[in-house]
Amino acid sequence: MIPTNAPQIGREEIEAVVKVLESGILTTGLGTGPMVKKFEEEFARFVKAKHGIAVNSGTAALHMALLAAGVSRGDEVILPSFTFTATAETVLLTGAKPVFVDIDPRTYCIDTEKIRKAVTRKTKAVVPVDLYGLSAEMKLVREIADEHGLVVIEDAAQAHGAAYHGKPPGFYADLACWSFYASKNMTTGEGGMVTTNDEELAEKLRCIRSHGEKKKYTSVMLGHNYRMPEIEAAIGLVQLKKLPKFLKKRRRNAKILSERLKSASKLVLPEEPEGFKHSWYLYTVRLRGARASKRDGLVDKLRKKGIGVGVYYYPPIHLMPFYRRFKRHRLVETEKASRQVFSLPVHPGVTPKQADFIAECVLQLL
Ligand SMILES: Cc1ncc(COP(=O)(O)O)c(C=O)c1O
């Protein structure tokens, strides 16, 4: 089976973990051990942000960013429904209401015009998601947010290595949230980070991460235990070094798939619009005009051939049993995309020969 995604772990990561175990420092009271600090510095430098605050998941990063931005009960937060559950779940955890808006069918990211229409006097923040590793239209998101005094929290969980008009994710946001889950472009097993250029927000984030403490046993606000362990940070440091190589291989595989599949008129291939750099976290194609059952039939057949095809995301969040009650706007493009998309393996473990085989199987089955 060629999996949809697979962590790329080598000797270096194993040695880094052993070193931490031998050091005896597995974590620290405020979550600011030597490995965590170094990882925060290096990752923040990589995304050209002033501050990085490492946590134990991307979900924790989103929750903490919303809390630091002051999102709370009575507020509304605008976000796409075509994303992983955590983007909406963390809004609800603050007591605020998620307001789902539709996507641009070309990029699968939030439709900026729909943001404008969804703003009310209760809107506090907007959470664009860089879906599949392609940046949302961040300049436009920023413009709309500034018009209405909204905080921008970019969900960059899938976008390590992406760029938007030469800028890394987070450049146009107040806060950017990253995930280092095992499937991601770089991993710490579980893990996450918030990056920001705002000193005050960074200070709040550090407090929230560890029980609202500035100093140990001196809580100044409500917090959590969202600390990243030292072992994870040590893995992250190695993975960050390897990331450029990983990204190159993802890009190579995406290119092979696009070259081979361009003749398939039944498919809409992923785009990398002018000025955007894809991180190729997922190579997602769309089965033109298909119902979900037709797409699922093709996905099943591909899996039987040993290709780990994923469907991201079906159903979209607003159609999940728990989240249905939050639907406010029509989400035509979201529902359509959700019925038609599927993602082919593009991760660095996929060899050019395998990428060719994947494309060949798709063409045959079509
Ligand atoms: C778009 C998006 N947001 C948030 C998350 C949550 O990250 P984590 O799984 O690290 O909690 C993920 C990843 O799983 C994601 O893909």
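Read the numbers this way: they start at 1 and go in the same order the structure lists the ligands and their atoms.
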Considering only protein heavy atoms, which is closest to atom 16 (O) of ligand 1, and at what distance to one decimal place? Gln158 NE2, 2.9 Å
When Arg121, Lys97, Lys122, Arg328 are each screened for side chain to side chain donor-acceptor pair (under 3.5 Å) with Glu76, the one that passes is Arg328
For Glu190 and ligand 1, does the shortest N/O to N/O distance drop below 3.5 Å? no
For atom 14 (O) of ligand 1, what is the nearest protein heavy atom, given as residue, atom name and distance? Lys184 NZ, 3.1 Å
Have a look at Ala157, Gly133, Ser57 and point out the one with the heavy atom closest to atom 2 (C) of ligand 1. Ala157
Please say whether Tyr181 places an N or O atom under 3.5 Å from an N or O atom belonging to ligand 1. no
Does Arg295 count as lying over the ring of Tyr314, i.e. NZ or CZ under 6.0 Å from the six-ring centre, within 45 degrees of the axis? yes
Measure centre to centre between the rings of Tyr132 and Tyr281, then say whether the value is under 6.0 Å. no
Walk me through it: do Arg209 and Glu40 pass the test salt bridge (Lys or Arg N to Asp or Glu O under 4.0 Å)? CA-CA 14 Å; Arg209 169 173 62 185; Glu40 288 177 338; 2.7 Å; yes
I'd like to check which ligand 1 atoms, numbered from 1 as shown, lie under 4.0 Å from a non-hydrogen atom of Leu62. 4 (C)
Thr83 heavy atoms, cut-off 4.0 Å: which ligand 1 atoms fall inside? 1 (C)
Among protein heavy atoms, which lies nearest atom 5 (C) of ligand 1, and at what distance? Phe84 CD2, 3.6 Å
Can you tell me which residue and heavy atom of the protein come closest to atom 4 (C) of ligand 1, and the distance to 0.1 Å? Asp155 OD2, 3.6 Å
Are a donor atom and an acceptor atom from the side chains of Tyr108 and Glu333 found within less than 3.5 Å of each other? no
Out of Val126, Val127, Leu150, Asp146, which residue meets the side-chain contact (heavy atoms from CB on, under 4.5 Å) rule with Val141? Val126
Check whether the ring centres of Phe39 and Phe180 lie less than 6.0 Å apart, and answer yes or no. yes
Specify the closest pair of heavy atoms between Met228 and Ala54, including all atoms of both residues, with the distance to one decimal. SD-CB, 3.8 Å
Gly58-ligand 1 polar pair, N/O distance under 3.5 Å: yes
Would you please determine whether Ser183 falls within less than 4.0 Å of ligand 1 on a heavy-atom basis? no
The atoms of ligand 1 lying under 4.0 Å from a heavy atom of Gly191, numbered in the order shown, are 10 (O)
Could you check atom 6 (C) of ligand 1 against the protein and tell me its nearest heavy-atom contact, residue, atom and distance included? Thr59 OG1, 3.6 Å
Here's one to test your reading of the geometry: is the NZ or CZ of Arg250 within 45 degrees of the ring axis of Phe246 and under 6.0 Å from its centre? no
